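Just below is one structure, and these are the notes that go with it.
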Amino acid sequence: MSTKPGRMIAGGELVVRTLIQANVARVFGLHGAHLETIFQACVDHGIPITDTRHEAAAGHAAEAYARVTRGLGVAMVTAGPGFTNVITSLASAYLDRTPVLYLSGAAALRDTETNTLQAGIDQVAIARPITKWAERVTVAREIPRLVAHAIRLATSAPTGPVLLDLPSDVLTTMVDEASVAIPTTIVLNSPAAPDAHAVTAALDLLAAAARPVIMVGAGAYRSRAEEELLKFVEASGIPVYSDFEAHGLLPSNHPLHGGTFHKMADLPTGNEGIDVVLALGVRFGLFTLGGGGRLVPASAKLIHVESDAREIGRLRDAAIPIAADPRATLTALTLHARERRWPDRRAWQSVIAEAKSARRKRLSPALERKAGPIHPLQAVTAIVECLPADTIVVGDGAESYHWLNEVVHQDRPGSYLTHGFLGAVGFGMGLAIGAQTAEPKRRVLCLVGDGAVGFTLAEFHTMMRHKLPIVVVVMNNSSWGASQHFQEIVSGPARVVGTRLGEARYDQVAAAFGCFARRVTKLEELGPALRDAFASGTAACVDVAIDVAPIPPEVELLMSQF
């Protein structure tokens with residue numbers, strides 16, 4: 001550190017200099033006076049700010065940016081309502097372990113207990129239960145150390161959100177730049193390696209299995225395990241099921257890809273079912289159908305690879321627990337897999353292929369409908385058929401994304417962003433903004449239910465202002481579909497209350513913000529509308545009238561838990 005006096009700089013400048021050292025290239029947020037010095041420093045250093053119309057969208061955009069880049073997302077929100085508006089994003093990132101740095105403005109320290117504007121709540125205390133770490137900066141000179149510490153915690157396994165609370169007088173305090181050093185080592189890259197004995201035991205169990213499968217979850221995606229997964233699968237012949245951003249770790253068109261997790265329910269049970277599971281970066285619970293993980297037979301032996309040791313054994317006993325990085329583990333498995341003789345798995349592979357074919361056959365009547373409203377499965381099938389190559393797909397809505405799960409296919413991981421453990425609808429527009437910002441050369445499609453789109457309709461304006469050519473497809477059944485179906489099943493059709501939305505034209509709302517807009521009421525109109533939307537080169541909304549009656553098979557499976 002230099003002892004020669006330097007120029008005086010504000011605390012907000014120190015925040016941005018530290019972000020730059022951590023290779024942050026983009027920030028999402030919504031302006032508030034408390035954050036002005038950070039906004040100005042971003043301008044000075046050429047750090048773009050994607051400003052949204054609501055803080056929730058800024059938080060969700062930062063989540064998507066982190067998920068698509070497999071890096072850090074950054075969201076800035078002002079004090080009071082700015083902070084409270086982003087709490088849903090905080091909780092979502094916490095449950096899904098998404099590495100996001102939330103910078104919250106706060107009232108000046110000198111104004112404590114003065115009933116001043118946007119103060120009087122302890123933002124750090126509120127954030128602590130739903131973040132990996134939360135702290136308040138009280139001295140401007142400590143800003144670089146604490147920003148670096150926050151980023152290090154967010155990006156180290158198990159990853160997760162962090163919050164740094166920044167009082168306005170700390171951000172405006174002037175500091176001699178020569179007296180403050182910016183940390184040089186912020187993001188760590190030291191994934192945990194697996195124990196050699198555990199690797200050998202896992203290979204022994206997998207080689208002896210008659211009907212093994214591999215499950216890959218978000219942890220496998222975030223460890224960048226795609227190349228190692230492909231090598232191991234092709235060496236061992238073991239089929240793969242995927243979930244979350246892990247769709248595409250093994251391309252959907254690979255003959256050994258079985259589909260999403262819920263399609264494991266189509267496999268035989270008992271003595272003909274799965275006997276060994278290699279779970280890579282998978283957290284058992286909701287998406288494995290409850291605490292017992294009912295998609296995995298109780299008799300099946302589990303090899304559980306997770307960077308977070310707290311997840312191993314939480315809900316399913318692991319025959320071989322491996323608290324390590326999924327990619328490092330696959331590398332070790334593949335290294336020794338080539339030295340082994342693997343059994344002929346063609347019969348088991350055929351069982352999985354037949355299960356996929358049988359599921360398509362069961363759903364085919366919906367696709368063959370000729371009269372009446374558009375069946376939602378017909379809609380999502382047509383949508384997927386019209387997607388440009390390498391499109392990032394965002395799925396939002398309590399039922400819409402479940403229909404999409406039936407047909408979505410990705411050849412590249414991190415290209416399908418949808419609901420996690422919080423199950424918060426209404427985050428799709430924000431996710432789409434973050435995804436398009438992270439990958440400006442790729443196309444982004446956001447499929448959203450008519451209930452979910454209502455949360456952040458004004459973000460059509462954000463897309464237009466920032467020239468983000470996102471195509472939003474609204475699955476419009478004039479209802480909170482999942483809630484209506486739940487009421488019909490549990491309370492009876494005559495007891496449906498508070499779940500019907502009535503008619504609304506979301507395309508007209510989007511058009512008012514300057515977007516390309518189209519209303520679709522017939523299936524044959526959908527393909528041309530989507531092609532025109534993508535060709536428009538601007539933000540677009542295609543409002544598709546669909547039938548409210550059908551229930552996605554996956555939702556029926558999930559409802560069986562209640």
Side-chain angles (χ1 to χ4, degrees), residues 56 88 262 363 365-367 369 371-383 393-408 418-419 422-432 445-460 471-511 517-523 525-526 529-530 541-562:
T88 297
H262 77 279
L363 295 173
L367 296 174
R369 177 188 284 189
I374 300 171
H375 193 289
L377 186 61
Q378 289 178 309
V380 294
T381 300
I383 290 165
V393 177
V394 175
D396 182 16
E399 286 193 343
S400 296
Y401 92 98
H402 287 291
W403 286 115
L404 190 57
N405 281 350
E406 294 295 334
V407 296
V408 71
T418 187
H419 294 281
L422 187 64
V425 299
F427 71 167
M429 302 274 275
L431 287 185
L445 178 132
C446 176
L447 182 85
V448 58
D450 56 328
V453 76
F455 282 89
T456 52
L457 265 175
E459 299 309 327
F460 278 117
V471 175
V472 179
V473 178
V474 181
M475 298 277 276
N476 191 343
N477 59 12
S478 303
S479 171
W480 293 100
S483 292
Q484 179 176 327
H485 291 146
F486 184 81
Q487 287 184 334
E488 288 170 345
I489 292 168
V490 174
S491 303
R495 304 290 294 177
V496 172
V497 56
T499 58
R500 293 191 173 102
L501 291 172
E503 292 297 323
R505 290 288 301 273
Y506 302 98
D507 57 311
Q508 293 180 350
V509 176
R518 189 74 58 82
R519 170 75 167 175
V520 170
T521 58
K522 298 178 181 178
L523 184 61
E525 300 170 344
L526 182 51
L530 284 169
C541 175
V542 178
D543 187 334
V544 185
I546 61 167
D547 190 358
V548 70
I551 301 176
E554 188 176 5
V555 171
E556 292 178 332
L557 198 60
L558 289 168
M559 282 185 176
S560 68
Q561 298 181 74
F562 293 97

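Positions are given from 1 along the sequence. All values derive from a computational prediction rather than experimental measurement.
Panel note: side chain D396, backbone F427; a donor-acceptor pair is recorded below 3.5 Å. Using a distance-only test at 3.5 Å, with no hydrogens or angles considered, a donor-acceptor pair links the side chain of Q487 to the main chain of V497. Not one N or O on the side chain of H419 forms a donor-acceptor pair closer than 3.5 Å with the backbone of H402.
Residues passing the side-chain contact (heavy atoms from CB on, under 4.5 Å) test with L501 are D450, W480, sequence neighbours excluded. Scanning for side-chain contact (heavy atoms from CB on, under 4.5 Å) contacts around Q378 gives L367, R369, I374, H375, L523, with sequence neighbours left out. Listed by chain and residue number, Y506 satisfy the side-chain contact (heavy atoms from CB on, under 4.5 Å) test with A504 (two or more places apart in sequence, or in another chain).
Among all heavy-atom pairs drawn from C541 and A510, the shortest one is CB-CB, 3.4 Å. In terms of heavy atoms, G395 sits closest to Y401 at C-CB, 3.8 Å. L404 and V380 make their closest contact through N-CG1, 4.1 Å (heavy atoms, listed as atom of the first residue, atom of the second, distance). The two residues H262 and N405 have their closest heavy-atom pair at CE1-CB, 4.0 Å. Residue E525 comes nearest to T521 through the heavy atom pair OE1-N, 2.9 Å, listed as atom of the first residue, atom of the second, then distance. Across all their heavy atoms, T456 and G426 have their closest contact at OG1-O, 3.7 Å.
A distance of 9.5 Å separates CG of N476 from CZ of R505, quoted to the nearest 0.5 Å.
Side-chain contact check for E406 versus P552: every heavy-atom pair is 4.5 Å or farther apart. Proximity of P550 to L377: side-chain heavy atoms (C-beta onward) are nowhere separated by under 4.5 Å.
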Exercise for review: Might you work through the side chain to side chain contact (heavy atoms under 4.5 Å, CB included) test for I383 and V544, ending with a clear yes or no?
Suggested key: CA-CA 11 Å; I383 290 165; V544 185; 5.6 Å; no
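Of the candidates L530, D543, V520, V473 forms a side-chain contact (heavy atoms from CB on, under 4.5 Å) with just one, namely L530. For the side-chain contact (heavy atoms from CB on, under 4.5 Å) criterion with V474, the lone passing option out of V453, D507, I546 is V453.
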